[in-house]
Number of protein chains: 2
Amino acid sequence: MANSPTGDSVTDRLVRVLETFTPSRTVQTAAEIGRRSGLPRSSAHRIVGELVDAGLLERDDDRRIRIGMRLWELATRSSQALRLRQAAMPAMEAVQARIREHTQLAVLEQDEALFLERLSGPTSGSNVTRIAGRLPLHASSSGLVLLAYGTRDLQERMLAGRLPRLTTETIADPATLRRKLAEVRTLGHAVAPGSIELVSTGVAVPVRDETGTVVAALSVVLPRDAPTAAALDELHRGRREIERALGVRS
Amino acid sequence: MANSPTGDSVTDRLVRVLETFTPSRTVQTAAEIGRRSGLPRSSAHRIVGELVDAGLLERDDDRRIRIGMRLWELATRSSQALRLRQAAMPAMEAVQARIREHTQLAVLEQDEALFLERLSGPTSGSNVTRIAGRLPLHASSSGLVLLAYGTRDLQERMLAGRLPRLTTETIADPATLRRKLAEVRTLGHAVAPGSIELVSTGVAVPVRDETGTVVAALSVVLPRDAPTAAALDELHRGRREIERALGVRS
DNA sequence: GACGGGCATCCCGATCAATGAGACGGATGC
DNA sequence: GCATCCGTCTCATTGATCGGGATGCCCGTC
């Protein structure tokens, strides 16, 4: 309703500029930003200059542009992401200390799973998830949990849309996904073997806030053939600890 | 040179809106934002609406405004803050596991110490530092390290400016501060007893990148009378680990 | 049940600052 | 030497931004 057909607005431009920065491309020239954001050279240059003056962007030693610490500060210090992270950190550390594999916290954001935190296991492989990274809802254990406990609206939207296949084991069929979601709700957790990379299995549980709403998914990434029973115990222990920190009384 | 006297620009307004959000005030109405940012009601409302459309801000269930996950994501995923944090996390966890007190990572940002990460100790007190929070350079061990290894320009600016006193032990005298900075450079670390709160002592060491520049300060917060020798050993071990992760070859 | 305060929302004409094409100089590289 | 690409600056035009004001809603208070 509010997005114009041309999509032109000050903030739209801003977002387009910010979106040109990716984990693999953290610094770039003003001209590159212009090209990637579809803005004319001189406009891009001017906008970038304003953002640098405001401290939201920074120039490095070569006068190239990168995200500014100030933007990170403003976006982080009062964000929901930080609040959830703070509540979850001790529990995640405890889980990670025992499981010794990647331990992650994800939330639902614009029909995808957004990862707020990740503690890495000893194996340096499996770098598919990053902090502030995303994964499709149907193709990760965290996503399946967030979807299974999401609104009916969200579920129908995902079931009707495309389900891109990341590996041969990714759920790419609506009927299968629907069954899987019911299973997740029955069991209270999601196990997703090989859905992202064939060598690993994700296990996730829902985390609720004081109103009972599922606000996040706590998950671990195990080697493909690892037993999930012990991991599930740990996850539920971590879940309870996080929920306590969020003010849920058991 | 580029900041106008009136300070009016699209991005300035944006920053002013974002600045109305603080750790203690994470949600607010559009009218509150307008009041705090000095913008007229209707203007604030329009700007907030645009930012919500762009996903940078969100409305909660009561239609009040908060920082959006999308802004956090954009600001975090390709930021220097995340890169440093990633490099430092394993080392910080190791330090924290042994010292069992608050372990922190701070960088220099606009003449203040900005805390990128903090692992909490068992004592739940000492909440003066937060993630994405700030402290003055002269009044914390992290700040003293960042200042001592900062540019001559920065040092002169701080020595010439006001040195607000947080406790009776805060260094508030330029001559004393100058001596302290020389001491920090000689010793290679900073000890700041009671500079923030009387019951605790901060100990910090500099962290360098591959070019030899000091890019961060690693610190712990100890009870006032704790011995700092053991902590220093741990900090230097952590420092070396972080520097290795940053690509410094020893 | 009337009243008042605070908020969200919408409207609209004047204004003014953002826009983007283009030119120039310098650095780099083939 | 030529070709590119980048940063920087200028400038006339225009279209978006601005903010006062009106309206309606919700919610306490008297």
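In what follows, every heavy atom counts, from backbone to side chain, and hydrogens, waters and symmetry copies are set aside. In what follows, chains carry the letters A, B, and so on, assigned in the order in which the sequence lines appear, proteins first and then strands, with residues in each chain numbered from 1.
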[X] side chain N/O closer than 4.0 Å to the phosphate oxygens (OP1, OP2) of [N]?
X      : N       : result
S43(A) : dT19(C) : no
R13(B) : dC18(D) : yes
R35(B) : dC7(C)  : yes
R41(B) : dC7(C)  : no

Measure from [atom1] on [X] to [atom2] on [N] and round the result to the nearest Å.
X      : N       : atom1 : atom2 : result
H45(A) : dA23(C) : NE2   : P     : 19 Å
L14(B) : dC18(D) : CG    : C1'   : 17 Å
D62(B) : dC26(D) : CG    : P     : 14 Å
I65(B) : dT9(C)  : CD1   : C1'   : 13 Å

Of the nucleotides [options], which has the atom closest to the [X] side chain?
X      : options                  : answer
P40(B) : dC6(D), dA8(C), dG19(D)  : dG19(D)
R59(B) : dT17(D), dA8(C), dT9(C)  : dT9(C)
A30(A) : dA8(C), dA18(C), dG7(D)  : dG7(D)
S42(B) : dA8(C), dA21(C), dG20(D) : dG20(D)

Name the atoms and distances for all side-chain donor-acceptor pairs under 3.5 Å in residues 43-52 of chain A, with sequence neighbours left out.
| from | atom 1 | to | atom 2 | distance (Å) |
| --- | --- | --- | --- | --- |
| S43(A) | OG | R46(A) | NH2 | 3.4 |

Practice problem: Describe, as an angle rounded to 10 degrees, how the axis at the first end of the helix from dG1(C)-dC30(D) to dC30(C)-dG1(D) is tilted relative to the axis at the last end, five pairs per end. | Solution: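 It comes to 40° between the two terminal axes.
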
Quiz prompt | Any donor-acceptor pair under 3.5 Å from D62(B) side chain to R64(B) backbone | solution =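 Here the side-chain-to-backbone pair does not exist.
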
